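A short worksheet on the structure shown next.
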Amino acid sequence: MNITLLFSLIILLILLIFAYIHNKNSKDLQSKREYEKEIVSDMISLYCRKNHKSKENLCEDCANLKYYALNRIEKCPFMENKTFCSSCKVHCYREDMRQKIKLVMKYSGPRMLFYHPITAIHHLIETIKEKNKEAKNEN
């Protein structure tokens, strides 16, 4: 593959990512909740499939975690302004569930790049924006 074609593909991918991000950012609150639920569900499914060898359905432990996480997202009063639960000042998860979701995120997060690349890149960009915003607020 020549360098010009590769460069063109990279530029096209970047443009698609920004179009995707703009589309996601312009959605209403309920759509944002649904999007976050979808991401968490995908991450838990990936974790369960790879670690608990579940094929079609989640194991009981992962199903309980998914139910709990989706319930927390549905009831989150900060959804409009927050980016991710990890950057939230209020941790609404019970300690045992927080440890489980951290384990899922630690495992599934890096692998999302292979299974859901646009979502993973969007998450990375939002994380960088949030860290810059926090640093700016500290100064």
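These figures come from a predicted structure and were not determined experimentally. Heavy-atom basis, side chains included; hydrogens, waters and symmetry copies ignored.
Val90 and Met97 are not part of a single hydrophobic cluster, where members link through side-chain heavy atoms under 4.5 Å apart. Criterion: ILVMFWY side-chain heavy atoms under 4.5 Å apart, direct or through other members. Under it, Tyr115 and Leu58 are part of a common hydrophobic cluster. Hydrophobic clustering (side-chain heavy atoms under 4.5 Å, transitive across Ile, Leu, Val, Met, Phe, Trp, Tyr) keeps Ile128 apart from Met105. Cluster membership check: Met112 does not share its hydrophobic cluster with Leu124, using side-chain heavy-atom separations under 4.5 Å among Ile, Leu, Val, Met, Phe, Trp and Tyr.
Taking each heavy atom of Cys59 and Cys48 in turn, the nearest pair found is N-SG, 3.3 Å. The two residues Val104 and Met43 have their closest heavy-atom pair at CG1-O, 3.7 Å.
To the nearest 0.5 Å, atoms CG (Leu70) and NZ (Lys75) are separated by 12.0 Å. Here the CG-CD1 distance, from Leu65 to Ile101, works out to 4.5 Å after rounding to the nearest 0.5 Å. For the atom pair OH of Tyr107 and NZ of Lys50, the computed distance is 6.0 Å after rounding to the nearest 0.5 Å. Note: Met79 CE to Glu74 CD = 8.5 Å, rounded to the nearest 0.5 Å. Rounded to the nearest 0.5 angstrom, Ile44 CD1 and Cys62 SG are separated by 7.0 Å. Of the inter-residue distances, the one linking His116 atom NE2 with Asp42 atom CG reads 3.5 Å to the nearest 0.5 angstrom.
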Do Lys136 and Asn132 pass the side-chain contact (heavy atoms from CB on, under 4.5 Å) test, and can you show the C-alpha distance, the side-chain angles, and the key distance before you say yes or no? CA-CA 6 Å; Lys136 196 180 219 182; Asn132 288 341; over 6 Å; no

For His52 and Tyr47, what are the C-alpha separation, side-chain angles and deciding distance, and is it a side-chain contact (heavy atoms from CB on, under 4.5 Å)? CA-CA 8 Å; His52 303 149; Tyr47 176 83; 3.7 Å; yes

Could you check Leu103 against Asn51 for side-chain contact (heavy atoms from CB on, under 4.5 Å), going step by step and ending with a plain yes or no? CA-CA 11 Å; Leu103 193 60; Asn51 288 279; over 6 Å; no

Let's go through Lys100 and Asp61 carefully: what are the C-alpha distance in whole Å and the side-chain angles of both, what is the deciding distance for side-chain contact (heavy atoms from CB on, under 4.5 Å) to 0.1 Å, and is it a yes or a no? CA-CA 9 Å; Lys100 288 178 184 179; Asp61 200 34; 3.0 Å; yes

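Remark: Arg49 engages no residue in a salt bridge (charged side-chain N to carboxylate O under 4.0 Å, His left out) (not counting sequence neighbours).
Within 6.0 Å of CD on Glu60 lie no more than 12 heavy atoms contributed by other residues, nucleotides or ligands.
Between the side chain of Asn71 and the backbone N or O of Tyr67, no donor-acceptor pair lies under 3.5 Å.
In this structure, Arg94 satisfies the cation-pi test against Tyr68, with its NZ or CZ atom closer than 6.0 Å to the six-membered ring centre and inside 45 degrees of the ring normal. Both the sub-6.0 Å distance and the 45° axial angle are not jointly satisfied by Arg33 relative to the ring of Tyr35.
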